[in-house]
Student: 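Sharing a structure here in C-alpha cells format.
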Amino acid sequence: MRRLDTIVSEQAQRRPDAVAVVDGNERLTYGRLEELANRLANLLVGEGCKIGDRIALLTPKTTLAIVSMLGVLKAGAAYVPIDPSSPPRRVARVLAACRPRFAMLADASAAQFDEALADATNTACRVVALDSGGPPRERFKPSYDLTDVARASASRPAVATDDRALAHVLFTSGSTGVPKGVMIEHRNVVSFLDWAWNYFGTAPGDRQSSHPPLHFDLSTFDVFGTLGAGGELHLVRPQLNLFAHKLADYIRTNELTQWFSVPSILTYLAKFDAVRQNDFPAMERLLWCGEVLPTPTLIYLMKRLPHVRFTNLYGPTEATIASSYHSVSAIPSDERAPIPIGTPCGGEELLVFGDDLRPAPAGEVADLYIAGAGLSPGYWQDPETTAGAFISDPRKPHERIYRTGDLASVGADGLVYFHGRRDGQIKSRGYRIELGEIEAALSTLPYLKESVVVGVETNGFEGTQICCSYVSAEPGLSPARIRTDLARHVPNYMLPTQWMELDLLPRNQNGKSDRPHVRELFRARTALREVKV
Amino acid sequence: MIMHDRGTEFLEQEVSGILRDQLMIEVPGPEADLISMGTLDSLLLVDLLVRIEEKTGVSIPLEEVELSDLRSVRSIGALLARRIDM
C-alpha cells in the first residue's frame, strides 16, 4: 500500500542528500524535506489533527508550501489549496464549505485570509504561520509558527491510515456560483503516477518543472510525480509568465529535463519567438494539459526541439490529473490538423457514448465518459451533484463512470478526438471556468438589469475570450465599474475582457438568453475592429 | 530612482486612461501594485503594450522589460519616459 507521503519518504531514505525542491537560490534536500514534514505532522497530530481533517493551504508555491502538503498528508489529513488570487469572498465560501481544522498561512496570503474571515464567520481554524509574521491582523492570531514546528519530533508519525484516505480537495468553478470541491484520494494519484513513471521513464536526477499553481490539479503531477521518483522539483515563479524570454532562460539555466504546463504558456513562448533552434539540450519531454494546444504552436516547438518528446495529456480534475495521452511523433503538416487526446492512460478507460449510454459509432461526436482508477469519490458534501456526474457504469452496474461534459469522437485511427463542451464551461489559459459562476456574481450587482456571459474562440494565443453583454439600470454605467465590482466575487482569470452594453438581451424562442446570438455580436464587433486596423 | 515631473505625470495618465477606457481596468492609484494584486497577466500585458504603442507611438519590446518596470502605473509611465528619451 503506497500513499503520496510514503512514496516520498522512500526516496528520502534512499537518497537523503539529493536535492528535492529548488526555489530560486533555495535548495531543499530529501532528508530535510522529510524531517520538516515529519515535525509539522507531529505538531498537527499533537494539537488535535484527526484522520480525514481538512487543512487549508494559503500560500504561494514555495519550499514551505511543499513541506506543508507532505506534513498534512503524514498527519492523515487532506489539504485544501486556496487560490492566492481569489477574492476574499470566494475564499470564505471555500473555508465555510470545507471547515478546515488548521490553516497553513504564508505572509503573502495573510490579508486575503483576514478579509475572508469576515465572511466565513463559522470558520474556527487554528493558524500555523509559515513566515516570520507580518503586521498583526484584525480577525486572527497565529497559534503556531516555525519555531513550534522545529520543536516537534522529527520521527515519522504513526498514523493508522491507508491509500483510500482523502489526500486533497480541489475547489473548481461551479455553475451555480458556488465552487465545487473535488475530493481526491491517495490511490487516485498513485495510480496515475505509476503509469506516468513507466511511460515517461522518470528517474532520480530528473529536473522537472512545477509550473501550475497548487490549487490546479495538474500541480499534483509535478509535485508527487517528481518527489515520488527521486527527481528535482523546480518551482517556477508565476511572475516569469509575463516574460517569454525570461521563461525560456529559466528552462535553459536550470537544465530542465521535463516541462509541463498549460498550452497558453507554450503559445506565449512561440508568439515571442523565445525558443532557439536546438534549445534546451537537457530537455527530454514536454507535456501539456488543460486545454487544446494550437497546432501552429506545436509545429513551432517541434521544429526547434527535435530531441524532445511532445505529449498531450487530457483529463478533468474529477478523474485525477489526466486520463488519456498522445505523443506526437511527426511534425504536423497541416496547421489546422487537430491533436488527438489519444488513448487511455494505464488503469483508465475513455468511453464515447451516445444518449442511450452505448458506444457511439466511429467518427460520431458524442459524450465523453471516463472510467477507472483515477475517478474521484465525488464532490465535497454534495451528493446531488456527485450523483449527477458520476453515474453507474451501464456495462458493470456496481462500478461508476464520470460524465465529463466534453464532446468527443473516435477517429479512424482509433484515437479519441476532443470536440468542445456540451455546457457553459470554458477553458481560458488552462483555467476551467463555469460561465454560470460569473453570471451568478453579476446578478448580485444592483445596477445591472441582466447580463449574459459567453466564451468566444480566438485564433491567437488568447484562446477563449470571456465576453459579457449587459443591460444597465443606470445611465452612464462604465464597464470598468462592473469589472471592479465583479473582481470582489471572482478571481482575475474569470473577469471578462470584452464588454457590450445592449438595450435588450437577445432571446430565443423559449425566452432564454440567446447565447449563440450574443457570441455572434462579439465576433462581428471584433471583425469590424480588425477591418479598421 | 524614478524622476517625477509633469511629463511623466502625463504618461501615467495615458497609461491609466488605456487601462480604464480600453481594458476596463480601474487602478486604485498610480502606486497600486499591479503584480501582487494579480491584475497583470501575460494576456493583459501584451494587450497593454500594443495599445500604448497605438496611442503614443512608443514601442516597448517585451524582451527589454523588467518586472520592476511593470509594478505600477507610475513605473510603466517611467518606462515610457525612458523609451522616449532614447
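In what follows, every chain begins at residue 1, and chains take the letters A, B, ... in the order their sequences are listed. This structure is a prediction, so every number in the text was calculated from the model and none was measured.
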Student: Ignoring hydrogens and angles, tell me if any N or O in the side chain of A:Asp23 forms a donor-acceptor pair with the backbone of A:Glu26 under 3.5 Å.
Tutor: no
Student: Taking the six-membered ring of A:Tyr250 as reference, does the cationic atom of A:Arg252 (NZ for Lys, CZ for Arg) lie under 6.0 Å from its centre and within 45° of its axis?
Tutor: no
Student: B:Leu19 versus chain A, heavy atoms under 4.5 Å apart: side chain, backbone, both or neither?
Tutor: neither
Student: Between CD of A:Glu291 and OG1 of A:Thr267, what distance do you get to the nearest 0.5 Å?
Tutor: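 Between atom CD of A:Glu291 and atom OG1 of A:Thr267 there are 8.0 Å.
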Student: B:Leu67 versus chain A, heavy atoms under 4.5 Å apart: side chain, backbone, both or neither?
Tutor: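 Both parts, heavy atoms under 4.5 Å.
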Student: A:Asn241 versus chain B, heavy atoms under 4.5 Å apart: side chain, backbone, both or neither?
Tutor: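 Only the backbone of A:Asn241 comes within 4.5 Å of chain B.
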Student: Under a 4.5 Å heavy-atom cutoff, which of B:Val65, B:Leu23, B:Asp21, B:Ile35 has the most pairs with chain A?
Tutor: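 Most pairs with chain A among the choices: B:Val65.
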Student: For A:Phe216 and A:Tyr431, I'd like to know if the aromatic rings sit close, meaning centre-to-centre distance below 6.0 Å.
Tutor: yes
Student: Check each atom of B:Ile25 against the heavy atoms of chain A and say whether the ones under 4.5 Å are side chain, backbone, both or neither.
Tutor: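 Looking at B:Ile25, backbone and side chain both touch chain A.
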Student: Do B:Gln22 and B:Arg51 have side-chain N/O donor and acceptor atoms under 3.5 Å apart?
Tutor: yes
Student: Using heavy-atom distances under 4.5 Å, tell me whether A:Ser85 contacts chain B through its side chain, its backbone, both, or neither.
Tutor: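 Answer is neither: A:Ser85 stays 4.5 Å or more from chain B.
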